[in-house]
2 protein chains.
Amino acid sequence: MTTAATDKRRVILDAAVRVFARQGFHTCRVSDIADAAGVAYGLVYHYFSSKEQILDTLFLERWDVMLAAIAEADASPRPPQEKLEAIAGFIIDSYRHDPELMKVIIVEVTRAANTFGLTHLAKIREAYAGIAAIVAKAQSDGRFRAEVTPEFAAQAFYGSVEQVLTGWIFDSVAVSEAELERAKTMIVDTICRGLERRGPNPAGESA
Amino acid sequence: MTTAATDKRRVILDAAVRVFARQGFHTCRVSDIADAAGVAYGLVYHYFSSKEQILDTLFLERWDVMLAAIAEADASPRPPQEKLEAIAGFIIDSYRHDPELMKVIIVEVTRAANTFGLTHLAKIREAYAGIAAIVAKAQSDGRFRAEVTPEFAAQAFYGSVEQVLTGWIFDSVAVSEAELERAKTMIVDTICRGLERRGPNPAGESA
DNA sequence: TGCCACACTGACTGACCAGTCAATCGAGGG
DNA sequence: CCCTCGATTGACTGGTCAGTCAGTGTGGCA
């Protein structure tokens, strides 16, 4: 069953990523997607009920993977810094693997307050909540200081990551592997330092 | 000369803010703006050459004030933490004063990579560069550690602020004065802690 | 009083495009 | 060899909307 039928659907989705990334959701035509996919116009409507549903599908596909990554990080027994590093790493790897898809998700969904974003607001908030939960746990462990609310810390963390990606997206210059790794380290380093307690700060922490 | 003529122009701009904030730039009609301004359709084109130029004007008006605020902070003799606090304060005050305008700028311009953002990319980058300059200076002073590049620090800082605003924008719940102030403190605190050197912990600290 | 310049009006048009649908293709099964 | 059914095609339609333009109202000035 995962033959030609499903293949074409996939081809259309992949073409849509390229078209949305280049022209933007609102500016592109459905025929652009069909052309990019090498498929007749009508076939797009055979697989999707509307232009919006294509974007919908792209977002949900990827975001669900991200929510799983956050949940997995949260569930692991590692220290909070490493959990956050895993999340930042996941997001940056997503960009490494498919920069155009990340561009579409960030530009057209995550920030598209009015039209599209509202539909997926709950999903988006789930991610913030997952990160906040990690911070909250770190605070009650005494590893992170309590002056900063977990919700705020989550926004600051996610915002930093997304802004760094946005910078790359707009520069339209390929980012080297080294830069990607370096960025991950810098984000996690900076934010974790900002959140950590300072008092007893030995190598082998023991609150 | 700053009579009725200029007034109507202003009325149209203010109406556009409300309309863009509620419906989004791409989704709204020019007639919506004219209606909201209580003005004939054609008058919009008397003052502006296109729908896009309205957004253009709104963005530039506000962004230039922000660039000035950044430059002023940079020029002051205060420590870097206070400079960054002034900038975060300016952005948050902008939101306090006109949340709808900030929504439009963030959602429709700052993140609108494809169509609109590119036009103003240079202006937007100027802001990042201004913040980066402050960080760079703080690093050569020895107040901030050098492991994090100034460009990255600027992105992380600005990204945190913008993400917190985005959170408020989407919540569509009025934010209290106290929360606004608290957010400012938390952002600056967190990021500055993340950027500071740790070694000697002199009396520059709030203690 | 007459005239000009310009703010202002809103009906109209030309272009564009999302979504529809009737027709064609082709694989598999009888 | 024909029939069926889902995949596939692309011309067409209905509606929308940015931008135009011919015209009206009015304040100021000679």
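Sequence lines set the chain letters: A, B, ... in the order given, protein chains first and strands last, and positions in each chain run from 1.
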Could you check how far [atom1] of [X] sits from [atom2] of [N], rounded to whole Å?
{"X": "A:E52", "N": "C:dC17", "atom1": "CD", "atom2": "P", "answer": "18 Å"}
{"X": "A:D35", "N": "D:dA11", "atom1": "CG", "atom2": "P", "answer": "12 Å"}
{"X": "A:I12", "N": "D:dA7", "atom1": "CD1", "atom2": "C1'", "answer": "11 Å"}
{"X": "A:K51", "N": "C:dC17", "atom1": "NZ", "atom2": "C1'", "answer": "9 Å"}
{"X": "A:D32", "N": "C:dC16", "atom1": "CG", "atom2": "C1'", "answer": "12 Å"}
{"X": "B:R9", "N": "C:dC6", "atom1": "CZ", "atom2": "P", "answer": "17 Å"}
{"X": "A:H26", "N": "D:dC17", "atom1": "NE2", "atom2": "C1'", "answer": "16 Å"}
{"X": "A:F48", "N": "C:dT20", "atom1": "CZ", "atom2": "C1'", "answer": "18 Å"}

Does a nitrogen or oxygen in the side chain of [X] sit under 4.0 Å from OP1 or OP2 of [N]?
{"X": "B:K8", "N": "C:dC8", "value": "yes"}
{"X": "B:Y47", "N": "C:dC8", "value": "yes"}
{"X": "B:H46", "N": "C:dA7", "value": "yes"}
{"X": "A:Y45", "N": "C:dC21", "value": "no"}

Row check, B:F59 ring normal vs B:K123 NZ/CZ: under 6.0 Å, within 45°: no

Touch class at under 4.0 angstrom, heavy-atom based, for B:S49 against every strand present: nothing

Taking 4.0 angstrom as the limit, do [X] and [Y] come out as a salt bridge?
{"X": "B:E61", "Y": "B:R10", "value": "yes"}
{"X": "B:R96", "Y": "B:E179", "value": "no"}
{"X": "A:E100", "Y": "A:R22", "value": "no"}
{"X": "B:K103", "Y": "B:E108", "value": "no"}

Which of the following nucleotides, [options], is nearest to the side chain of [X]?
{"X": "A:S50", "options": "C:dG19, D:dT9, D:dG19", "value": "C:dG19"}
{"X": "A:V39", "options": "C:dG19, D:dT9, D:dT20", "value": "D:dT9"}
{"X": "A:A40", "options": "D:dA18, D:dT9, C:dG19", "value": "D:dT9"}
{"X": "A:L43", "options": "C:dG10, D:dT8, C:dC8", "value": "D:dT8"}

